Structures are given as structure tokens and as C-alpha cells.
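Residue numbering restarts at 1 for every chain, and letters A, B, ... go by the order of the sequence lines. Note that the structure is predicted; figures quoted are calculated from it, not measured.
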Protein chains: 2
Amino acid sequence: MEGKGAYDRHSLAQHSAGRFGIPVLERALAGLVVPTERRSPLLVADFGAAGGRNELGPMSIAVGALRARAADTPIVVVHTDIPTNDFSTLFETVEHSPDTYLHTPGVYPLAAGRSFYEQILPPESVTLGWSAIAVHWLSRVPTPIPEHVYSSFATGDVRAAFSAQSASDWDAFLRARAVELRDGAALVVVGGAASDDGAPGAEALMDALDRALRRARDAGAITADEYLHMNVPTWNRTLAEFSAPFASGAAATRAGLRLEEHSLAEVPDAYLAAFREDGDAAGFADSVTAFLRAFTEPSLFESLDRPPSERASLAGDVYADVRGRLLADPAAHETVWRVALLRITRSPR
Amino acid sequence: MEGKGAYDRHSLAQHSAGRFGIPVLERALAGLVVPTERRSPLLVADFGAAGGRNELGPMSIAVGALRARAADTPIVVVHTDIPTNDFSTLFETVEHSPDTYLHTPGVYPLAAGRSFYEQILPPESVTLGWSAIAVHWLSRVPTPIPEHVYSSFATGDVRAAFSAQSASDWDAFLRARAVELRDGAALVVVGGAASDDGAPGAEALMDALDRALRRARDAGAITADEYLHMNVPTWNRTLAEFSAPFASGAAATRAGLRLEEHSLAEVPDAYLAAFREDGDAAGFADSVTAFLRAFTEPSLFESLDRPPSERASLAGDVYADVRGRLLADPAAHETVWRVALLRITRSPR
């Protein structure tokens with residue numbers, strides 16, 4: 001991530017998408033087995049927290065509901081992300097944001113710096129799990145994508161490799177959670193998704209990014225090899241892909257998880273709606289470019305074997321090019337992200 | 001802290017000092033009440049972790065001893081520091097260092113981004129606490145120190161203000177731990193200390209730093225007001241100051257803590273010993289400057305109201321000046337840090 005809070009400042013779309021999960025979270029809380037007889041803390045886990053801003057709403061709802069049912073039990077909230085995440089922004093946000101869930105008494109925020117494709121927390125320790133707009137990030141890039149940076153444009157063997165990596169990662173995520181969740185615990189996943197035909201809804205935007213990068217390559221600013229290895233390592237799963245491990249005899253089912261509900265939602269383009277209200281194309285282009293840059297620049301530019309100043313300058317040029325494309329035709333770059341809403345429970349052992 | 005692992009790379013003295021606490025830690029572990037009947041995890045807390053490198057040895061000893069007495073109980077290690085700490089380095093170090101305590105099975109590392117002068121963890125949750133070379137950092141600068149950057153040179157009212165801040169912070173630290181520790185739990189503190197006359201043993205080194213800063217001020221490179229507000233906000237306590245809250249009726253005693261043992265140790269100057277072996281004055285000057293810079297630059301330069309490039313350039317000049325002083329006379333800058341070794345237990349409630 002870009003660091004210093006940039007992801008948080010430019011994650012309106014992720015924020016909106018996470019909100020789609022609130023009714024599912026509320027149903028999960030209503031059905032939850034809350035062990036009130038124990039003095040040991042109730043553990044809530046937030047898998048893939050980034051800077052934390054988008055987690056405050058759901059976590060406030062979760063700790064509020066748990067506090068109502070267990071007046072004196074301490075609640076520990078563990079925010080997880082990979083070690084390179086900006087944990088300082090995360091901690092500052094949780095401590096100092098007016099929207100913090102720390103208004104509920106007896107709540108203790110912690111963090112874990114480990115990929116959620118591994119076990120992070122002790123067995124049978126988690127009462128509620130939450131993950132919003134995070135599981136589309138793959139654990140690794142299975143293969144370069146020739147002629148594009150975004151996996152939804154991949155075809156043939158390359159597409160198959162991404163699909164297989166996605167299936168393997170999703171199985172690993174679920175198996176790890178099955179170990180961590182207590183009997184009767186719930187896990188809500190708001191997952192970056194794709195419609196049944198595999199379209200995440202951001203094709204035009206990601207293609208504008210790719211066109212800008214190819215122009216930089218064709219102009220010699222970046223090499224053909226650098227372009228080949230540039231990649232946003234995500235895969236937006238279809239509902240069928242999200243559901244597959246819950247089939248009879250499949251990985252999640254064997255591990256003790258049940259898929260209680262699953263649905264697909266479309267996230268309207270808030271930036272384009274604003275442009276249609278106010279006609280401010282420059283504002284649209286600025287906002288969408290900042291949003292795009294916050295979640296793609298680290299993957300695309302940080303691994304370039306060049307001095308930081310050169311990387312920053314290249315990235316500046318590429319995103320300026322993207323901004324120009326957005327400015328010229330906002331409507332052509334409408335982005336309607338799909339999100340999957342999953343409610344999962346842990347069956348008794 | 002300087003970030004990107006600089007503190008970890010240049011914290012040999014802190015590392016050596018922490019090692020003095022190992023026998024105390026082993027006595028604490030031997031006397032510990034370990035609740036093996038519960039399935040809930042054993043919690044070990046490391047207060048003031050910085051980049052984590054200096055914590056791996058003590059934490060390996062702690063989790064090894066707990067695992068020997070509770071074969072199947074998960075162990076959670078929570079590393080705490082202020083939100084601006086470099087948690088990415090901390091997590092990377094714990095995950096990937098060959099010296100990690102994760103060789104012991106069933107151990108889960110977490111972090112907390114909150115000052116240890118507040119409660120961080122749930123009541124009665126901590127089985128073992130550890131803090132090495134951290135409690136000399138004050139929660140705030142009580143008052144500027146005219147004509148020096150280091151509190152051990154303060155006199156009169158300024159000295160009294162630092163001493164009072166130190167007493168208040170130490171009380172707050174102990175009261176917070178008294179809430180968090182389980183009955184029978186232990187807390188080991190290796191504290192940056194001073195001999196009975198108030199000398200931390202780093203006077204010559206800190207004076208070299210101050211002289212370099214005053215030269216920069218007198219040359220007009222930094223303003224008189226900037227110099228006045230430059231401060232390394234630490235206070236190295238005497239053993240009497242460390243012990244005071246444990247007197248009958250004092251804060252820690254009232255909160256349920258007992259001081260089981262306390263002693264003062266001197267940490268020999270490893271850098272000067274190396275110089276006396278190899279005669280490499282430049283190596284001595286480089287190492288000691290890097291050590292000094294890692295723990296003083298953030299406090300002194302990050303709050304200057306100037307562009308980052310200007311701050312970096314000023315800091316570069318000042319530490320180059322310090323290096324020259326060290327190079328000219330290594331023996332005159334011998335640094336023999338004092339550390340207090342405290343073993344504290346939580347009395348039954």
C-alpha cells in the first residue's frame with residue numbers, strides 16, 4: 001500500500017463496498033453463540049484491515065452487539081494484514097478517529113502482521129470474523145500476464161493459472177479460519193467479486209491503467225520486461241468460485257464450515273454519480289485516479305529495480321496519463337464493482 | 001524511531017543491556033503460577049518492543065519455559081509500542097529472523113500500538129510481562145531544558161519537573177500492569193537507570209551531541225528556539241526512584257504489585273572494547289554515531305518545522321560533527337549505561 005494513510009484517504013469505493021456487508025454482519029451477530037460464562041476475552045478478528053478506516057463501522061456494530069450480550073467480558077479486536085501494511089495508520093485510526101469502536105468500554109485493539117492465508121490466531125479462539133474487500137488479493141502472482149496488468153483480461157493458460165491460484169488461496173483462507181473459529185462462531189466475508197461471466201465491473205478503469213502503462217512501455221520509459229512483470233495480483237471470484245469449497249466433501253465443509261448465505265451485490269460508482277450531479281470532470285478524474293493509484297501503485301511500481309525517485313517519477317507520469325483518459329470521458333470509465341456477501345458458521349467439533 | 005529497521009541495526013547497546021535481564025527472567029519463570037487447566041491462551045506481553053530484534057532472545061526463553069509447563073496451551077505474545085513505531089520491521093523480524101521464538105510450536109505473535117503508560121490488555125490476562133530498555137522514555141516533555149538536550153544535565157526547577165514526570169509515568173506504568181497481570185503473574189523490567197547520584201553513564205556521549213547542536217545553533221544553522229525545544233525525552237531512574245512506588249502504602253503496592261528483587265548493573269562499552277582490540281577509531285566513531293543517531297534523531301529533528309530534506313541535511317551535519325568528536329578521542333566518550341533489573345509479581349486479588 002502507498003502508506004502514510006493514502007490508502008485510507010482514497011478508499012471510498014472499498015468503504016462503500018464494505019457497507020454492503022452490514023446487514024449480513026447483523027444477521028451473523030444475531031445468530032452467534034456468545035460464551036458469556038468465561039472470563040477470558042471475546043475475540044473479534046478483522047482479516048485484511050489496511051489502514052483501518054473502513055473497519056471502524058463494522059467493528060463498532062460487532063463490539064456493540066457483543067457488549068450488549070456479555071456486559072463484563074473484555075473484547076479483543078485483532079486487525080490482521082501482511083507485515084508491510086501501514087500499521088501506524090491503523091493504530092492511530094483506531095485510537096483517535098471519532099468513529100472508533102473504542103467508545104464501547106472494555107475493548108482492546110491489537111494487530112497481527114501475517115498473511116490471512118495462514119493461521120494467525122489460536123485454535124478455537126475467535127468468536128466473530130470479518131473480512132471486507134481483502135480476499136481478492138492473491139498470496140502470489142502465479143504467472144505474468146502478457147499484454148495486461150489485470151487478471152480479468154487474462155486468457156487461456158494464464159487465466160487458468162490465476163483461477164487455480166485463487167481456488168488454492170480461498171481454500172487456505174477458509175481452512176485457517178476453520179481452525180481459529182470457536183464452535184458456533186461466525187465469519188462474514190465481503191469479497192471483491194465478479195459476475196457469473198467473470199467480470200469484476202472495473203474493466204474500463206483497469207484498461208485505462210493498462211493503456212497508460214503500455215504507452216510508457218512503447219515510449220521506452222519502462223522496459224518490455226518491466227511491463228511484463230507489472231501485475232495487480234488480484235482475482236475477483238464469481239459466486240460459484242466462492243461457494244465451491246462448501247460443496248459436500250469439499251475443503252471448507254470438511255474443515256467444519258457451513259455457508260449460511262451468499263449473494264452478489266453491485267456497488268454503484270459514487271464518483272460518477274457525483275460527476276453527474278456537479279459536472280466537475282476534473283474532480284472526478286482526480287478522485288478516481290487517487291483511488292486507483294492507492295491500490296495499484298505498490299503492486300506495479302515498488303518492485304521495479306530502480307531508484308525510488310525514478311519509480312515515483314514514472315508512476316507520476318503513468319497516473320497523469322490515466323487521469324487524462326478519465327477527464328476526457330468520465331462515463332466511459334464507469335466502475336461498478338461486484339462484491340460477494342458471505343455468512344459462514346463454524347459447526348460444533 | 002528512525003524507521004526501516006535502523007533502530008534494530010544500531011541497538012547493540014540496548015541488546016546487551018537487555019541480556020542482563022535474562023537471569024531475572026529465568027527466576028521469574030521459575031516462580032510463575034501457570035494456569036494449565038484452561039484452554040484459553042497464555043499471554044506474554046513485551047512492553048516497548050521497537051523493531052523486535054532485542055526481544056527475540058527473552059521471548060524465546062519465556063515461551064520455551066511456558067511450553068514446557070503447558071504442553072498444549074496456545075501462547076500469545078503481544079509486542080507493544082507507540083503507534084508511530086515501525087511495526088512492519090517488528091512483524092518481519094518475528095516472522096523471519098532465524099532467532100525467532102516461533103520455533104516453539106503453538107505461539108501466536110500480535111502487536112499493540114498504544115503507550116504503555118495506559119492499560120493495553122484486558123484485566124487479569126497477562127501471565128508474564130517483560131520490558132527492556134523502554135521505561136526511560138517519558139510520556140511527554142515536562143519542560144524545555146535550557147542549554148542541553150539531555151535531562152541528566154538539567155538543574156533546579158527543570159530537573160525537578162523531569163523527576164516529577166518520571167515518577168508520575170512510572171506510577172502509571174505500574175498501575176496499568178497491575179490491572180493486566182493475573183494473580184501470581186510476573187513482570188520483569190530492565191530499565192534504563194542511573195547510579196545513586198543520578199548519572200546514567202552516557203554523559204560524555206550525550207554532551208558531545210549537545211555540543212554539536214550548540215555549534216549548529218551558534219552558526220545559525222538552527223535557531224535558538226529550535227535548540228531550546230530539542231530534547232531527548234528520557235529520564236534514567238535511580239534504584240530509589242524505581243523502588244519508591246513499592247513502599248508500604250505507595251501506588252504499586254496499593255495496586256497489588258510486589259517488588260521481589262531489584263539491582264543495578266553496568267553495561268560495559270562494547271564499542272570501546274572493540275576499539276581497544278582493533279584500534280579502529282573510525283569504526284568506533286561510525287558505530288557509536290549510528291547507535292546515538294538511531295535513538296536520538298527522531299526526538300531531536302522530526303518535530304522541526306522544516307521540509308524533510310532540510311531536516312535530513314541538518315541532522316547529517318550534526319551527527320557528522322559528533323562523529324568527529326568521537327573519532328578524535330574514543331576513550332573520552334566511554335559510555336557505561338546503568339540498567340535496573342526488577343522482578344515484580346502480582347499478589348492475589
Point to revise | Side chain to side chain, B:Pro74 and A:Ser125, heavy atoms closer than 4.5 Å | key: no
Exercise for review: Mind jotting down which residue pairs meet the ring-ring contact (aromatic ring centres under 6.0 Å, His included) criterion with at least one end in residues 107-126 of chain B? Sequence neighbours excluded, please.
Suggested key: B:Phe116-B:Phe173
Review point. Is it true that a side-chain atom of A:Ser88 and a backbone atom of B:Asp86 form a donor plus acceptor pair closer than 3.5 Å?
Key: no
Review point. Who in residues 95-104 of chain B is close to chain A, using a strict under-4.5 Å heavy-atom cut-off?
Key: B:Glu95, B:Leu102
Review point. More than 12 foreign heavy atoms under 6.0 Å from CZ of B:Arg258: is that the case here?
Key: no
**Study point:** Minimal non-hydrogen separation, A:Pro83 against B:Phe91, with atom names
**Key:** CB-CB, 4.0 Å
Practice item. Any chance you could lay out the side-chain contact (heavy atoms from CB on, under 4.5 Å) test for B:Leu110 and A:Leu121, step after step, and finish with the verdict? Key: CA-CA 9 Å; B:Leu110 298 174; A:Leu121 295 159; 4.1 Å; yes
